[in-house]
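What follows is a set of notes on a single structure, which appears directly below.
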Amino acid sequence: MTRTETHCPYCALQCGMALSPTTPSQDDVGRRAPLEITPLDFPTNRGRLCRKGWSASQVLDTGDRLTTPLLRRGGKTGELAPATWEEAFDVIAEAVHRASAGGREPDRVGVFGGGGLTNEKAYMLGKFARLGLGTSQIDYNGRWCMSSAAAGAARCFGLDRGMPFPLADLDDAEAILLVGANPAETMPPMVTHLDTARESGGLIVVDPRRSATARLADEAGGVHLQNRPGTDAALAAGLLHIAVTRGWADRDFIRDRTSGFDDAWAVASQWLPERTEAVTGVGVPALRAAVERLATDARAGRGAYILTARGAEQSSRGTDTVATWIALALALGLPGRKRSGWGTITGQGNGQGGREHGQKCDQLPGYRKITDPAARAHVAAVWGVEPKQIPGPGRSAFELLDACGRDVAADGRPGVRMLFVHASNPVVSAPDAASVAERLSALDTLVVADFVPSETAQLADVVLPVRQWAEEEGTVTNLEGRVLRRRRAAEPPAGTRDELEILRALATRLGKPAYWFSTDPAEVFGELARASAGGAADYSAISHARLDAGEALHWPCGTDSPGGTPRLFLDSFATDDGRARFSLNVGTPDTFDTRVAERQVVLTTGRLLGHYQSGAQTRRVPELLRTDPEATATMHPDTATAFDLADGAMVRIRGRAGAIEARVHFDSTSRRDTVFVPFHFPGAGRANLATEASLDPHSRMPDFKVNNVTMEAI
């Protein structure tokens, strides 16, 4: 192998990097030559990488890398032991037959996917579920990442793409409002795109924590709106009130390009600045300064953007929260214009593409609704089947996991007796994590495809060792809707298999035609492109060949837009009438509930600089684990004093779902009503042991960010 240009396996920036083999040292005898990583001058990272990116190749050869299938022998109490691939496939096929009653009850078998899969694998996993297994029961962990932003954008714009403009458009913007986003820690190379706004004092950060990004704003004369957890929608409504009453709303834009303003104003008119301050805890002067900065820079053509992220979206009111921030953007005339806009910062590496091509329970490839007869007919024609062979909508992510191991699920439908898990670790990442682990343990058969023995794999009955990012070919779609090539830079370990090969082998054992399930990534992408043609996320004019030739292609990229669409909505929005819609469902200041009982604080969760998602990969990189070796509970010293906690001591944080054990960390900039715990750690330090599975009625997003808890010293 020689130098290979590809992309980082972690977040949705998909930073460009080159991988080159190095000369093995004495320590590497008998192992593959280590890969040297060189950052590339790619538009999202421009020659920079974070510490996770610099160390990404170390996970390829972690000491516990899985290289042979494992079967749990001796029943549920037995141990996982090595097996051949043929044995594993036979066990799985028999388990499918048994769980589905010979195919008569296909929904007894479920599939749980991940936002780290390539577009090709995400597409084929959806096809395998619906045609190979005949089940409607498929969803993925991106439900807990982007679903509220997707539902909010679809409601207001008629279309969801994380950023409807290239990230580089932020470069010369003098005002950028970040809501629940901390890119200085979660996406460090992105910070360079904020430099102009920061240096001009126009970086505005909404965050209950004084995060690294909030400090960047403060130190450069920007604004940190340090609101109470769970009040993001109230804050947006209050800012909208100020925009209108101070004359900063763009009345021409509202008249010409939107609908529903009068109904939205009937809600926002009640959010007077003083009442907004009472609910959110943010002072009136800061509220006015934020709106004035956005409005004046937008009017002057100096660039103004509003970007939301998980801090605002990961709640049971996430969709309405996103829609309220979009309403503020619409009132200021930002979306659908050059040098301004609204967008959301996608989290997972292929969080965008992973939800577009069939992993979500209610969608078919191309972002098509599974209940739409025309969509079903189109995809069925590409697949060569009758539309009736495609199952209807299934359960969302948590509801799917909660149905596991049950004869009858909470919704009254048959429960799931067998589950496939790909590229996900829900034992750590799911809300109400103890309950999820219990449900997975109750399954008749749990099959996990992974490259390390994650906490979920350790519960499995069958573990399938798969290949990693640097050992595969395919594509991913980053936060801008840009489709990128992932290229193979290293030989995979003997004994591992690509998931496309696994899905084909399983499908043929289940009596399905082999030609339904290609193992050639370029061929699969071609089929994906045809299946997406004419859909909201149209990839039909994209190919591996065009990407290999160096073309920069953003979807939609089809017959009407063969060169791709870097910027959406410049002419019209994707609604029936071409107008963006105002949508406010916030309630009034009198009804907005921010109550926390005596001797309680609000638990909020998030990421650290050195770790990613459930930590299954980054906890295996020594230098990353040394920096952040365990779960910490960050709180104000006064909060700790109130609960008789010492800095560095262990604390038990108890919510309605369960309890976490973490080490106390003092931070005098924290809100006194808030404790922050990162969600990367296993065991008793799992932050999601205490997060609740109350779900957004539109997106089915759980409440990760706002959970009332008590604390006690251990």
Side-chain angles (χ1 to χ4, degrees), residues 1-12 14-21 32-35 37 53 56-62 65-69 85 113-128 140 348-354 357-359 420-424 448-452 454 463-478 483-506 517-528 539 542-545 547-548 612-613 616-617:
M1 292 286 185
T2 57
R3 173 184 163 108
T4 303
E5 294 189 358
T6 187
H7 294 271
C8 179
Y10 291 116
C11 79
Q14 285 298 289
C15 296
M17 59 169 56
L19 302 177
S20 306
R32 293 185 300 184
L35 291 173
I37 292 176
S57 64
Q58 294 184 38
V59 185
L60 296 170
D61 291 304
T62 184
R65 175 78 190 267
L66 296 172
T67 58
T68 187
W85 278 99
L117 294 173
T118 62
N119 287 320
E120 293 80 359
K121 292 179 180 181
Y123 168 82
M124 197 56 77
L125 189 63
K127 185 179 181 182
F128 172 76
Y140 85 129
Q348 293 192 79
N350 198 28
Q352 182 73 56
H357 300 301
Q359 283 194 97
F420 292 83
V421 176
H422 291 256
S424 188
V448 175
D450 211 330
F451 45 80
V452 293
S454 70
V463 180
L464 304 177
V466 296
R467 294 170 183 171
Q468 285 203 57
W469 60 285
E471 302 157 357
E472 65 184 6
E473 294 282 340
T475 62
V476 295
T477 306
N478 77 349
V483 183
L484 307 169
R485 278 282 278 119
R486 180 172 286 178
R487 297 183 176 90
R488 181 170 166 173
E491 290 293 333
T496 62
R497 292 199 184 183
D498 184 88
E499 270 149 313
L500 294 179
E501 298 172 5
I502 292 171
L503 296 177
R504 183 176 192 170
L506 288 173
F517 301 95
S518 173
T519 60
D520 180 346
E523 189 174 293
V524 173
F525 189 90
E527 182 182 317
L528 176 162
Y539 282 41
I542 306 175
S543 65
H544 279 208
L547 296 173
D548 287 337
Y612 182 72
Q613 301 298 78
Q617 298 172 72

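Just so you know, residue 1 is the first one in the sequence shown, and it goes up from there. All heavy atoms count here, side chains included; hydrogens, waters and symmetry mates do not.
At least one donor-acceptor pair under 3.5 Å links the side chain of T496 to the backbone N or O of P493.
Residue V466 comes nearest to R65 through the heavy atom pair O-NH2, 3.3 Å, listed as atom of the first residue, atom of the second, then distance. Of all non-hydrogen atoms in G53 and M17, the two that sit nearest each other are O-CE, 3.7 Å. V463 and P465 make their closest contact through O-CD, 3.8 Å (heavy atoms, listed as atom of the first residue, atom of the second, distance). When all heavy atoms are compared, the tightest approach of H422 to A449 is ND1-CB, 3.5 Å. Closest non-hydrogen pair, A616 versus S454, comes out as CB-CB, 4.3 Å.
Shown here are the side chain to side chain contact (heavy atoms under 4.5 Å, CB included) partners of E523, two or more places apart in sequence or in another chain: S518, D520. Judged as a salt bridge (Lys or Arg N to Asp or Glu O under 4.0 Å), and not counting sequence neighbours, the contacts of E472 are K121, R486. Residues satisfying the salt bridge (Lys or Arg N to Asp or Glu O under 4.0 Å) criterion with D548, sequence neighbours excluded, are R485, R487. For E527, the salt bridge (Lys or Arg N to Asp or Glu O under 4.0 Å) partners are K127, not counting sequence neighbours. For A56, the side chain to side chain contact (heavy atoms under 4.5 Å, CB included) partners two or more places apart in sequence, or in a different chain, are P9, Y10, I37, W469. Residues satisfying the side chain to side chain contact (heavy atoms under 4.5 Å, CB included) criterion with N119, sequence neighbours excluded, are N350, H357, T475, T477, V483, L528, Y539.
Side-chain contact between F517 and V524: absent, with no pair of heavy atoms (C-beta onward) separated by less than 4.5 Å. Q359 is listed as a side-chain neighbour of L117, based on a closest heavy-atom distance under 4.5 Å. Side-chain atoms of L500 and P521, non-hydrogen and from C-beta on, do get closer than 4.5 Å to each other. Contact check for D498 versus T519: no side-chain heavy atoms found under the 4.5 Å cut-off. Contact of the V59 side chain with the F451 side chain is registered, since non-hydrogen atoms from C-beta on lie closer than 4.5 Å.
Rounded to the nearest 0.5 Å, atoms CZ (R3) and CG (L35) are 12.5 Å apart. Between the CD atom of Q348 and the SG atom of C11 there is a distance of 11.0 Å, given to the nearest 0.5 Å. Separation of atoms CZ (F525) and NE2 (H544) is listed at 6.0 Å; rounding is to 0.5 Å. One distance of note links OG1 of T118 with CD of E473; it measures 10.5 Å at 0.5 Å rounding. Atom-to-atom distance recorded for L66:CG and D450:CG is 6.5 Å, nearest 0.5 angstrom. The line from OG1 of T2 to CG of L19 is 11.0 Å long, rounded to the nearest 0.5 Å.
Ring planes of F420 and F128: perpendicular class, angle over 60° (limits at 30 and 60°).
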